[in-house]
Protein chains: 2
Amino acid sequence: MSKMSTQKAYSSGHTLVADEEEFPFFANVLEGVVKLSKILPDGRQQIVGLQFAPDFMGRPFHSESSLSVESATDTLLCTIPRRQFEEMLSKSPELQNRLLKQTLIELDASRDWLVTLGRKNAGEKVSSYLFMISQNCVHTQETEGVVSFDLPLTRADTADFLGLTIETVSRQLSKLKKSGTIEISHNRHIDVLDIEELKLAGGD
Amino acid sequence: MSKMSTQKAYSSGHTLVADEEEFPFFANVLEGVVKLSKILPDGRQQIVGLQFAPDFMGRPFHSESSLSVESATDTLLCTIPRRQFEEMLSKSPELQNRLLKQTLIELDASRDWLVTLGRKNAGEKVSSYLFMISQNCVHTQETEGVVSFDLPLTRADTADFLGLTIETVSRQLSKLKKSGTIEISHNRHIDVLDIEELKLAGGD
DNA sequence: CGTCTCATTGAAGGGGGTCAATAGAAGTGG
DNA sequence: CCACTTCTATTGACCCCCTTCAATGAGACG
């Protein structure tokens, strides 16, 4: 597999796959975070998935629904052309099994997020988001009970992920700051003073 | 496959798999609609998937996230015990391929629904729901441009599917009735007078 | 006919959206 | 180094959509 693959680096905000287009390649996310999003005709946007290192990324077979793929942060990918991957897939039941497992995990994650979007209020959404990032982000560190990490998304992307507006996201973050659950520095860096509190505030 | 499988009939509202439990079986939905739902500790509920005939249903391998499975209507299933299915799966790459494809379709559907829950208003949610049912329900009929079908869900389940309250669902249905887009009889039966209008009202 | 379940409709309130102003951080160029 | 711009985030004021609470309606069934 490694023979045919090539590493590629992208800066944040780069469009990897445009809407309506078929995935031209498959990839492992080696570094960074990639966002999958959907857009309505009038411009409303919803992020429907985040791929963290070392997630696998791609969409074999024909898909009815369209998706655009963008690097949320600076990103390093290990890519393999679509055709070659599908050829390997047809020859290796073991690879197919791994792909099935990954897809099932993404389906679970997507369904978990449906609950967040459908049934949680703004405060719970933001708390759930912070907690999820703390669990998935590679660079998360814990010292003396304080969990620290960088948010991979801008406020605008966070809003599009949570089905909120940037203003509401900002207000909820300020509320968490005032209540002493978190501290924020440089807009993106989060120190969670009480991770259990945060998990609880997420609602589940 | 048909040798080991057995048909089972359930009336609506029957719990097939309880929360936290692993799927004890795999099944084809032969008739009816099955709902997959998640529930928050305080009782808030979100339906995260609907399985129509002839969908395949099951969750191989260990899953972190929990799900409860219930028949939304009277249902006929063709079931096969978990262990036997997984044995077959390991021996048949072709079956695994079919399962992968089905899982990818469900992932697409789930992501499409994320947009509906995150970014659409009540009117668009209800219209999207009606349109989706009209496309998936086996018994949908069209005569002289009028598309007719029965809703598989109660108002309460519809609300849990759309992330709304029953009152809002009811009000939006009444609005569609008044605007002449649909007609409702016996609470569950829908005649869509203008399917294009309904699709448009769904937002995408 | 009474009861139970399910759905509709109305009135009032609140959570989050919208609009707008301000603040901060990061460049850019003189 | 400092004005100037630009991009991003915060904060406030107002408003509206949806929720909440409550009453009524409509079938189904004993």
Side-chain angles (χ1 to χ4, degrees), chain A residues 11-14 35 40 42-46 72-74 116-130 150-179 182-190 201 203, chain B residues 11-13 35 40 42-46 70 72-74 116-130 150-179 182-190 201 203:
Chain A
S11 58
S12 83
H14 189 266
K35 65 180 188 191
L40 293 176
D42 63 3
R44 282 175 289 178
Q45 198 169 6
Q46 176 68 46
T73 66
D74 291 349
T116 299
L117 291 190
R119 286 303 183 197
K120 291 183 185 175
N121 61 32
E124 293 169 325
K125 283 182 179 179
V126 170
S127 296
S128 297
Y129 167 68
L130 292 182
D150 286 317
L151 294 176
L153 303 182
T154 65
R155 297 290 186 274
D157 279 344
T158 308
D160 284 343
F161 188 52
L162 297 174
L164 297 171
T165 60
I166 40 179
E167 293 94 332
T168 300
V169 171
S170 181
R171 272 186 265 264
Q172 294 300 329
L173 285 172
S174 299
K175 197 180 283 186
L176 284 172
K177 213 165 48 179
K178 271 169 201 151
S179 76
I182 65 170
E183 280 174 0
I184 306 176
S185 44
H186 299 94
N187 282 342
R188 292 289 196 96
H189 187 78
I190 304 287
Chain B
S11 59
S12 83
K35 64 179 190 194
L40 293 176
D42 63 3
R44 281 175 290 178
Q45 198 170 6
Q46 177 66 47
E70 220 172 303
T73 66
D74 291 349
T116 299
L117 291 190
R119 286 302 183 198
K120 291 184 186 175
N121 62 32
E124 293 169 325
K125 283 182 178 179
V126 170
S127 295
S128 296
Y129 167 68
L130 292 183
D150 286 317
L151 294 176
L153 303 181
T154 64
R155 295 292 186 272
D157 279 343
T158 308
D160 283 344
F161 188 50
L162 296 174
L164 297 170
T165 60
I166 39 178
E167 294 93 332
T168 300
V169 171
S170 181
R171 272 186 264 264
Q172 294 299 331
L173 285 172
S174 298
K175 196 179 284 188
L176 284 173
K177 212 166 50 181
K178 270 169 202 152
S179 76
I182 66 171
E183 280 174 1
I184 306 176
S185 44
H186 301 95
N187 283 341
R188 293 289 197 97
H189 186 78
I190 303 287

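Since the model is a prediction, treat every value here as computed from it, not as a measurement. Convention: sequence-line order gives letters A, B, ...; per-chain numbering from 1.
Contact annotation: the side chain of A:Leu173 approaches that of A:Arg155 to within less than 4.5 Å [non-hydrogen atoms, C-beta and beyond]. Side-chain contact check for A:Leu40 versus B:Lys120: some heavy-atom pair is nearer than 4.5 Å.
No donor-acceptor pair under 3.5 Å is formed between the side chain of B:Ser170 and the backbone N or O of B:Ile166. A donor-acceptor contact shorter than 3.5 Å links the side chain of A:Gln46 to the backbone of A:Phe161. Judged by distance alone, the side chain of A:Arg119 and the main-chain N or O of B:Leu164 form a donor-acceptor pair under 3.5 Å. Using a distance-only test at 3.5 Å, with no hydrogens or angles considered, no donor-acceptor pair links the side chain of B:Asp74 to the main chain of B:Ser11.
Atom CG of A:Leu153 and atom P of D:dA9 are 10 Å apart (whole Å). Across the protein-nucleic acid pair, B:Leu173 atom CG and D:dC18 atom P stand 14 Å apart, rounded to whole Å. When the P atom of D:dT19 is taken as reference, atom CG of B:Asn121 falls 11 Å away, rounded to whole Å. One can place CG of A:Asp157 at 14 Å from C1' of D:dA9, the figure rounded to the nearest angstrom. Distance CG (A:Asp160) to C1' (D:dA9): 15 Å, rounded to an integer number of Å. The interatomic distance linking A:Ile166 (CD1) with D:dG12 (P) rounds to 16 Å, in whole Å. Following rounding to the nearest Å, A:Ile184 (CD1) and D:dA9 (P) show an atom-to-atom distance of 11 Å. Atoms CD (B:Glu167) and P (D:dA22) sit 12 Å apart, rounded to a whole Å.
B:Gly123 comes within 4.0 angstrom of nothing in the nucleic acid, heavy atoms only.
Once you apply a 4.0 Å limit to the heavy atoms of chain B, the touched nucleotides of DNA chain C run 5' to 3' over C:dA7 to C:dA11.
Side-chain N/O atoms of A:Ser174 include one lying less than 4.0 angstrom from OP1 or OP2 on D:dT11. Phosphate contact (OP1/OP2 of D:dC18, side-chain N/O of B:Thr165, threshold under 4.0 Å): absent.
No hydrogens or angles were tested; on distance alone, a donor-acceptor pair under 3.5 Å links the side chain of B:Arg171 to the base of D:dT20.
Toward the 5' end of DNA chain D, the nearer of the two residues B:Gln172 and B:Asn187, judged by each one's closest nucleotide, is B:Gln172. A residue-by-residue look at B:Leu164 and A:Val169 shows that A:Val169 has its nearest nucleotide of DNA chain D further toward the 5' end.
Closest approach of B:Gln172 to B:Val126, counting heavy atoms only: CB-CG2, 3.7 Å.
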